[in-house]
Q: 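The following block contains the structure, expressed as structure tokens.
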Number of protein chains: 2
Amino acid sequence: MPYDPSAFPPFAVTVDLVVLTVRGHALCALVVRRGEPPYQGQWALPGGFVRVDEDLEAAAARELTEETGLQVQGPDDPCAGAHLEQLATYGDPRRDPRMRVVSVAYLVLAPDLPTPTAGGDADSVRWAPVDDLLAADGGSGREEEGPAPLAFDHGRILADGVERARSKIEYSSLATAFCPPEFTVGELRRVYEVVWGVVLDPRNFHRKVTGTPGFLVPTGGTTTRQGGRPAQLFRAGGATLLNPPMLRPEA
Amino acid sequence: MPYDPSAFPPFAVTVDLVVLTVRGHALCALVVRRGEPPYQGQWALPGGFVRVDEDLEAAAARELTEETGLQVQGPDDPCAGAHLEQLATYGDPRRDPRMRVVSVAYLVLAPDLPTPTAGGDADSVRWAPVDDLLAADGGSGREEEGPAPLAFDHGRILADGVERARSKIEYSSLATAFCPPEFTVGELRRVYEVVWGVVLDPRNFHRKVTGTPGFLVPTGGTTTRQGGRPAQLFRAGGATLLNPPMLRPEA
DNA sequence: TCAATAGTGTCTGTAAGACATTATAGC
DNA sequence: GCTATAATGTCTTACAGACACTATTGA
């Protein structure tokens, strides 16, 4: 059996990052402009090679910090930092024209942030609405003036990441990962509305999330940053699985 | 940037299979005995190297057929064959003592079958209850006469696969993948009971599954193979997502 | 006859969805 | 005053869970 290092084919292993955030009224993903062939000049997901003695998740966290300055959420402090989880692995032999590359994709959920700095190169990194990015991939037959699709198979990876996020906020408290450490019920509702692309009843939503044990913990403070009557501030509770779940309205 | 083939470290890429079935009153996984070091003589998940020009999923399907004779479910004929889906990827630098191996794990759900033949070697492959396999891993401090844990990090991979199966039959019709092409409501209920380790009310279960559109399609036939009154035979309907979902009773 | 499983019906509590009302800020 | 958002309450309907009952086989 082939355990001689020269007996098996050479693979390159990379990590790709689907970094999502809620900005304004759109779910946005972080994309970087490719500076070299192939797909030179096109947008792609951030990512890079896994190092020899590096765990896959450590590689993803390192690339995230290198390209965005974001820190990954530690086990001690669940308030600060971004959520990171493995998404899926993509290994089609022809996904990279140069060689055999197996890419482990990670999903990152982050609060809205100032524009990221890609190691000082501000022109080569941006937040883009996922609807725009996916329309370029899915739209059959190149409409006029449509945005260019993402490089490699990154359009599919992004679509998988968005679908994961959409379904996971149903039965887990992950939606709070899109919010700042302290947030209001209205801000959390806007996260659900933007990620799902629906409009939710504010009254039923409030009753539901405040009635789910362990989801939200009141901090005692209030804010008027949304205008109107001051709203209570909350932080994420310890619960990770929501019971009962938030149910996404069907189309 | 390092796209020179000699510039990145050499990785081996393998697939590992978590093959689950329901046998009698236990959820069982397929394990093979290792014939060589490391972990010689211990049980491990089936798997092997990905070939140079082979897609990851194709490698998983090939290993499945080679080690069990099982065919993967094709898109044309959803009745026969096993369900195959990607589970997760494991790449800790020290998970294999010989070299850096990144393993893409796949989850296979299969109906109960005659004992598999591992390329003719019947002594080196068997179905084992997952509770036994996981007790060996989780049980702290080596009890007397406890079964040996699985090789490598296969105990954790198996645990992840079992948890995926347990949660996925809640909101999808995947439980039918554990059943033969034609099955009764009672047989499907036993699948849920064994996978979840609970007892379900037969009357509520019957009302629920027959009332979920697209889940079950009556074939017109009946069977008395379970004893008692003849039961209607069904096959899996086209629905993949169950709405409303089956809810797992909480502990 | 009994024992087994299949299938249907009824009741109750919980919760989701629709919608009214009051509360508290800035203007 | 008006308008914005926050927060609580009421009503109806749907469904999960509990349990009673009938149906059809084999021993």
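Basis for what follows: all heavy atoms, side chains included, without hydrogens, waters or symmetry-related copies. Since the structure is predicted, the reported quantities are computational estimates derived from the model, not experimental observations. Within every chain, numbering begins at 1; the chains are lettered A, B, ... in the order of the sequence lines, protein sequences first and strands thereafter.
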Q: Check every atom of dA15(C), dA6(D), dA7(D) against the side chain of Val185(A) and return the nucleotide holding the closest atom.
A: dA7(D)
Q: Using whole Å, report how far CE of Met246(B) lies from P of dC15(D).
A: 14 Å
Q: Rounded to the Å, how far apart are Gln232(A) CD and dT24(C) C1'?
A: 13 Å
Q: What do the steps show when you test Thr223(B) against Phe183(B) for side-chain contact (heavy atoms from CB on, under 4.5 Å), and what is the final call?
A: CA-CA 9 Å; Thr223(B) 182; Phe183(B) 53 89; over 6 Å; no
Q: Select base, sugar-phosphate, or nothing to describe what Pro244(A) touches, counting heavy atoms under 4.0 Å on all strands.
A: sugar-phosphate
Q: Is it true that Glu193(B) and Arg248(B) make a salt bridge, defined as a side-chain N closer than 4.0 Å to a carboxylate O?
A: no
Q: Salt bridge check, Glu182(B) against Arg235(B): does any charged N sit closer than 4.0 Å to a carboxylate O?
A: no
Q: Any side-chain N or O of Lys208(B) under 4.0 Å from OP1/OP2 of dC15(D)?
A: no
Q: If you measure only the distance, is there a donor-acceptor pair under 3.5 Å linking the side chains of Glu187(B) and Gln226(B)?
A: yes
Q: Tell me the interatomic distance from Glu170(B), atom CD, to dA16(D), atom P, rounded to whole angstroms.
A: 13 Å
Q: Nearest whole Å is fine: how far is dG17(D) P from Leu200(B) CG?
A: 9 Å
Q: Of the candidate nucleotides dA6(C), dA6(D), dA7(D), which contains the atom at the shortest distance from the side chain of Arg190(B)?
A: dA6(C)
Q: How long is the straight-line distance from CG of Leu150(B) back to CD1 of Ile157(B), given to the nearest 0.5 Å?
A: 9.5 Å
Q: My understanding is that only one of Val108(A), Leu158(A), Val195(A) makes a side chain to side chain contact (heavy atoms under 4.5 Å, CB included) with Leu20(A); could you say which?
A: Leu158(A)
Q: Just the rounded figure in Å: distance from P of dT5(C) to CD of Glu193(B).
A: 11 Å
Q: Please check if any side-chain donor atom of Thr21(B) sits under 3.5 Å from a side-chain acceptor atom of Asp112(B), or the reverse.
A: no
Q: I need the CG-P distance between Asp201(A) and dT12(D), as an integer number of Å.
A: 18 Å
Q: Between Tyr90(B) and Asp16(B), does a side chain to side chain donor-acceptor pair (under 3.5 Å) hold up when you go through it step by step?
A: CA-CA 10 Å; Tyr90(B) 301 83; Asp16(B) 283 320; over 6 Å; no
Q: Does anything in residues 213-231 of chain B come within less than 4.0 Å of DNA chain C? Heavy atoms only, and list the residues if so.
A: Gln226(B), Gly227(B), Gly228(B), Arg229(B), Pro230(B), Ala231(B)
Q: Can you pull out how bent the helix from dT1(C)-dA27(D) to dC27(C)-dG1(D) is, comparing the axes over its first five and last five pairs, to 10°?
A: 0°
Q: Hey, what are the protein-to-nucleotides 9-13 of chain C N/O distances that come in under 3.5 Å?
A:
none

Q: For the residue pair Tyr171(B) / Asn243(B), report whether a side-chain donor-acceptor contact shorter than 3.5 Å exists.
A: no
Q: Run through Val31(B), Leu30(B), Thr68(B) and flag the one making a side chain to side chain contact (heavy atoms under 4.5 Å, CB included) with Val125(B).
A: Leu30(B)
Q: Quick check on dT8(C): is either OP1 or OP2 less than 4.0 Å from any side-chain nitrogen or oxygen of His206(B)?
A: yes
Q: Rounded to whole angstroms, how far apart are CG on Leu247(B) and C1' on dA15(C)?
A: 12 Å
Q: Determine whether the aromatic ring centres of Tyr192(B) and Phe205(B) lie less than 6.0 Å apart.
A: yes
Q: Taking atom CZ of Arg156(A) as the centre, report whether more than 12 heavy atoms of other residues, nucleotides or ligands fall under 6.0 Å from it.
A: no
Q: How many whole angstroms separate atom CG of Leu242(A) from atom C1' of dA15(C)?
A: 15 Å
